[in-house]
Structures are given as structure tokens and as C-alpha cells.
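Chain letters run A, B, ... following the sequence lines, proteins first and then strands; every chain starts at 1.
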2 protein chains.
Amino acid sequence: MARKVSRRGGNIVTIHDVARHVGVSPMTVSRVINGEKNVREETRKKVAEAIEALNYSPNMAARSLASQDSSRIALIYSNPSMSFLSELLLGILHQSSQSGCQLIIESCEGPEGVADVLDKLKSLGVDGVVLPPPLSDSTRVAKALREMGLPFVGVATSRPSPDAASVSIDDFKAAFAMTQRLIALGHRRIGFIKGNPNSYYSQLRHEGYIAALTKAGLTPEDKLIGQGYFTYRSGFDAAESLLMRDERPTALFASNDDMAAGAVASAHRLGLDVPRDVTIVGFDDTSMASSVWPELTTVRQPISDMASLGLKMLLEQIRTRRSGQPYAPVHEIRDFAIIERQSSSAPGEDATD
Amino acid sequence: MARKVSRRGGNIVTIHDVARHVGVSPMTVSRVINGEKNVREETRKKVAEAIEALNYSPNMAARSLASQDSSRIALIYSNPSMSFLSELLLGILHQSSQSGCQLIIESCEGPEGVADVLDKLKSLGVDGVVLPPPLSDSTRVAKALREMGLPFVGVATSRPSPDAASVSIDDFKAAFAMTQRLIALGHRRIGFIKGNPNSYYSQLRHEGYIAALTKAGLTPEDKLIGQGYFTYRSGFDAAESLLMRDERPTALFASNDDMAAGAVASAHRLGLDVPRDVTIVGFDDTSMASSVWPELTTVRQPISDMASLGLKMLLEQIRTRRSGQPYAPVHEIRDFAIIERQSSSAPGEDATD
DNA sequence: GCTGGAAATGGTAGCGGTATCATAACGGCT
DNA sequence: AGCCGTTATGATACCGCTACCATTTCCAGC
């Protein structure tokens, strides 16, 4: 039986093989892999080439065993917006297999659930926590984590805080850009459906909308603004009251995709065609955006990338902390993109050209 | 600086600690942990107690390093039905951290994508593959995998095949049960929206529906059946033509949630209230089911459990194969559940009681 | 009681990396 | 040239666990 040849397509390339191939010690190879300094540029290059040539990839098990730093990272989520979650998971998963860290996924329902989960984390000996929205926005959670001395990172929208890292897009700018886009299409009466008032990014998106209108010389009007709570139903209701006005808006900007989908349903119910009679756009580009019909024009957040980067930052933070050095939290901003689909067009005109 | 005390809530318990505590060698402890035979019952018990007492948990990194059997498992998905995927991921993740296997997630788009991905798997040295629908249904993929000599497991609906394991619910029985439920509510004209004709489980669900009607003495009618393709849009269209008939059905059973959601939208557009004017139910209980309004009555598959079990079976299969023993593929069936939400009621009556 | 073979247990040597400290090579300076 | 403080590299010892083989224990059978 081929024993030690079972994995990796037939032959196991170790750090020793690479070392021998180049004519250096394994230690030097290790240094190159981990991007440590104190390696001559020339050596680094040779090693890198050998790694490439031999198609070497480090054994995570060995690495985490030797370095004693197999971190346990928990991902806590509370909002069962599965579509968001799954993209997040993809990113996290990718990064965790790269970094060889152990992942624990916990859901917490309701306010008292948070305490339970945190207790559990403590007993599990978790080293750090990844927080997607809406938890990333919660000062209560942040406070609890801080008291436990657990480092954490907020992914996709979180109130910048001096002692926690975060990765997000610029929600204000994104909402601003999307609103500008609607204006550029020719819309003048643009409605807006706000998200949950507790959430910070909901505010930012609202402000971005207002700012874009103002900049274009349009007056933001209260009667064009509906209050939603990030749910489909709330989007449905808010859109209904907005669209039943005498002078109904020609475009509706919902601050997430679920609400936008609800708004589309509401428009349909009122006998309005989307986008011919009313343009409706969303935010996030979750799977909801492309599973309804017409598919939603929306703002895309690179959720997977953000998650991946977030985890990476978290691990770095943990490592820095362990070595006793001070850690300055990083707030990383990623680019968003406006995705044009079938739910938007110029006012009074069909998009299907 | 506390160095070697960084993980697991403060102190690292190793197999040596357990051994010392009991007064045996680490080897014996290892045997107990791995459930090997040739350990006296008495010894086993003492070791088990010590493990409990010291709250020991094995170090996965060390284990997989030493035993050389860290399996790499790939999850290949093609249908970007994110809500389904995320629940699957949750289950897989849970199991993989338990079993200490490395996970690789790959998406493949389109038919030629499959070949690319399989190439990649080969070069990555993957040991086994988890296949969610619709890939789990594809004989082409199964054939390719078989030729590569890669074990795989189909999760949630897969054509039972003699040489591949699978975990699924009984789609026929589930559709049967849901149809019976609608009949029990008093519905007699029950429409059905079929899924993609290529897919096996789509057929099973259709057959379940027919069987239940027949058993209740109702005649299945072709004009009550619409063809869909598992997409929102296709559900919308199919429902539209079904609901515009003179004698429109009082209930619509869509063979997945996306189509059911589309059907709801279509009903709304026609000015019909759900469920007062028409009951609409779905299948799968993906996040779509609870994010639209009214929330969908649907058949729940325990996706996360199924995925977890599937991975476990796959790992077992790999281990068995490695040891050179023959492996008889297992087809595991899990229970489904019918989830009643707001989209269903007795005909001609409002559900909100 | 002694023997032999199976069952139970222990000792040793790594798995593939990295921490740590020692050593060698490299300039910059007097 | 000689000295010294860096900077680059190497040797060694593990990390926690298991494979493998050696050893001990146990008990049946003579």
C-alpha cells in the first residue's frame, strides 16, 4: 500500500525538499514563506522560485502544531440573512484554510442569546471573534468582548471604534453614488426606504442619499422617505405608502435588497411595471437581488473579500497581541460597485431596449 | 509573557497529562481516544474518566500531522442558490472542525466549468468530494469523479447509485405529505409547479404530488401543472398562467421556494391575496421562504444535518478505502418536516385567525 | 508449574513545521 | 587591517500525537 504517498496527488513536497533544492536550510525557507525580514533578497527569490517549481504548499497541521498558534476564531451571527452569511462564510473559509485556524460558527438569537454565546466562547477558549452585521454595529457586544479581552473584527459596516478593527465599504459614498446614478438616469422624485434606525450603516446610507440629492440641487423631501427595518415586509409596506401618493416617485432606493425586493412586490401589486413605471434599486447584492424578477440593480459589497481580509486582520492582531506589542486597530475600506440589472431605467421608459 | 498557556482558556491539556493522571502510557490513551480494541475495559474506563476530569480535547493539528491522514475534502457547488449553500456550509463546517479535515470550496459555472474544477481538484490532491444539488444529480460529474477514483457523497437529493454514498430526504414522500396536507385543508384544485425536468428530485416531487392526489380520489389534471425551472421568474410565469384560468386552483404547490416566492408575486400582481384567495406552498425551506411576505409554508429539509452526516460518511469511506477494505456505499435518508407559515390556509378563508 | 500465543501496554521515532539560540557573513568605522 | 554591531543563515529541540515494533501480562492447555 502506498502509504506516505497518499496525499497531494502522489508526492509530498516538504519544506526540506525545497531547502535541498535551493541549497539552504529549512529555516530559511520557513522565513521566506512567512515573509520575515532578515533574508537576503537574492535568497528570497531563489527560494520563491523553488517553491513555485516544486509546487510546494505548507502543511497547515505541522505549522500550527509547531508554532503553537492555532487560533480558534468564532464567527457569531444573529441576523439569519442567509444569503449574506453564505458569502461571508465563503470568504472566511478560504482564509481560514490558508491560515490554518480553527473556525467556530455560532448563531445567537435575541438579546439574551448574546450573553450565552459569549459564555460559550469563553469556555471554548476562543482567541478572536468575527462580527458580521448587525452584531458588528452593536456597542453592547463590542463592550462585552472588550471586557473579556477578546480581539474582534467587524466585517461590513461597523461603527469605527478606536480599539477594534473593521473592514467595510464606505456606505455613505456608495449610497451617494447610487443616488447620483439615479439622478443621471433622469429621475428627480427619488424615494428612499430607510433601514433599521438602530443601525449605523442605515444612517450612513440615508445620509449619502440626502447628500447626493442636495449636491444635484434637488430638495430632499420627507414625504419621499419611508421607514423600513431591513425586512422584505417592511420594504413592501414602505413602498406601498410611497407609491400610493399622488405624485409618486419615479425611483425607489431601498437601503437593502430584501426591502427592495419587497418594494418590487408592492409595485407589482399596485399594477406598476418595474422598471417602466418605477425604478427600484437595492443595496448589498445578496442573492435576493438576483433571484427576484426583475433582477435588482444594486450596490455590491465584496462580502467574501471583506470577510477574508477581516479574518486575516484579526489573526494578525492576535499574533501581535501575543507577542506583547501594542496593536493599533485598522479600519480597512474596500471598494463597492454598482451593479446594473433590470430593475432600473430612465423614468417613463422601458429598460429593455 | 504567558506563552504556552495562550490557548484553550488558559491551560493546555495534552495526552501526556491524561496518561500521567491515570498512570498509563500516552499510547494507551491514544488508543482509547481512537476507539481501538486491545485495551482492557477497566483501563478504558479509567482513561475516559481522566479525559472527562481534565477536560482534555485532542489537538487536531498534531493528530493529523502524526497520522498523515489529514484528508482534503472539496465541496463543489454550481447553483448559486446561496441560501441553500449557506446552511450546507454550516453543517459541513461543523463536521470538518470535528474531524479535523481540510475543506476546499469551489464553485463551477457552466458545463465546461466542471472539467476545470475537477482538474484543479486533481492538482490539489483532494481526497473526496461533497456534492450538493444540482451537481449531486449529474451523472456526468459522477462519472468523471469515478474515473478519477475519487470518492464522493451526494447531499440532498441524488440519484441513488451503487457506488456513491448519499444523504437525502425522501422527496417523493415529502411532496406526498405536503399535498395531503393541502387536501386536508380542504383544497381540491391544487396546482403544481414542476422544477427543472433534468433533475431527478424534481421528478420525485412531481410524482409525490400525483400520488397524493390519486390516493385522495382526485384526478391529476395536466392543466393544473406548470413547468418551472427552479427560478423565481419561472415560478412567476408558471403561476401566472395557472392563476389566470377560469377555474383557478385554490392552492399552488411549487417544487421549491424560489418558485413559490415567484408565484406569490404573481398572485399579488393579479390582485389575489395569499392565502385568502390562493394558498401557495414551497419546498426546501431556504431563507427565501421566510424572507418574503407572507412567509411560505414549505417542506423543510435538514440541510445542515444532512451535510454534516454526508461529510462524516465521506471521511469514513476514505478511511475504509485507504485501509484497502471494500466499501459499500450508504444511502442515508433523513426526515423532513412540514413548516406551516402564513402562505397557506383553507380555501376561501383567511389564515389570520 | 511451565510453555506458548494472544492480548494489553510501553518505548521510540518521527510527521512537517517553527522558536530559539548559535554561528557566519557583511559592511562601516577607526 | 582590525574591530564591532548588524544582518543572514544554520543546528537543534521540540509541538502533540500516532505508527510501529518491543515488551510485558495474562491465561489456557499440557
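Atom NE2 of A/His21 has 12 or fewer neighbouring heavy atoms from other residues, nucleotides or ligands inside a 6.0 Å radius.
The C1' atoms of five pairs define one axis at each end of the helix from C/dG1-D/dC30 to C/dT30-D/dA1, and these two axes lie 50° apart (to 10°).
In this structure, B/Val13 and B/Ile51 have side chains that are not in contact, with every pair of non-hydrogen atoms separated by 4.5 Å or more.
For the pair A/Ile15 CD1 and D/dT9 P, the interatomic distance rounds to 14 Å; values are reported in whole Å. Between the CD atom of A/Glu42 and the C1' atom of D/dT7 there is a distance of 15 Å, rounded to whole Å. Remark: P of D/dC15 and CZ of B/Arg63 are 19 Å apart, rounded to the nearest angstrom. Distance A/Met60 CE to C/dG17 C1': 11 Å, rounded to the nearest Å. B/Asn59 has its CG atom 18 Å from the P atom of D/dC14, to the nearest Å. Distance CD (A/Glu36) to P (C/dA19): 7 Å, rounded to an integer number of Å. Taking atom CG on A/Leu65 and atom P on C/dG17, their separation rounds to 12 Å, with Å as the unit.
Here A/Ser30 reaches the OP1 or OP2 of C/dT18: one of its side-chain N or O atoms lies under 4.0 Å away.
Looking only at atom types and distance, the side chain of A/His331 has a donor-acceptor partner in the side chain of A/Ser166 under 3.5 Å away.
In summary, A/Arg300 and A/Glu87 engage in a salt bridge, as defined by a charged side-chain N under 4.0 Å from a carboxylate O. A salt bridge does not link A/Glu316 with A/Lys312: none of the charged nitrogens is closer than 4.0 Å to a carboxylate oxygen. Using a 4.0 Å cut-off between charged nitrogen and carboxylate oxygen, B/Lys46 and B/Glu49 do not count as a salt-bridge pair. Comment: A/Glu41 does not engage A/Lys45 in a salt bridge, judged by the lack of any side-chain N to carboxylate O separation of less than 4.0 angstrom.
Using a distance-only test at 3.5 Å, with no hydrogens or angles considered, a donor-acceptor pair links the side chain of A/Ser67 to the main chain of A/Arg63.
Applying the side-chain contact (heavy atoms from CB on, under 4.5 Å) test between B/Ser96 and each of B/Val130, B/Leu315, B/Leu75, B/Leu103 identifies B/Leu103 as the sole match.
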Under 3.5 Å, N/O pairs linking protein and nucleotides 7-12 of chain C:
residue, atom, partner, partner atom, Å
C/dA8, OP2, B/Asn38, N, 3.4
C/dA8, OP2, B/Asn38, OD1, 3.0
C/dT9, OP1, B/Arg40, NH2, 3.3
C/dT9, OP1, B/Thr43, OG1, 2.6
C/dT9, OP2, B/Arg40, N, 3.0
C/dG10, OP2, B/Ser25, N, 2.7
C/dG10, OP2, B/Ser25, OG, 3.1
C/dG10, OP2, B/Thr28, OG1, 2.8
C/dG10, O6, B/Arg31, NH2, 2.8

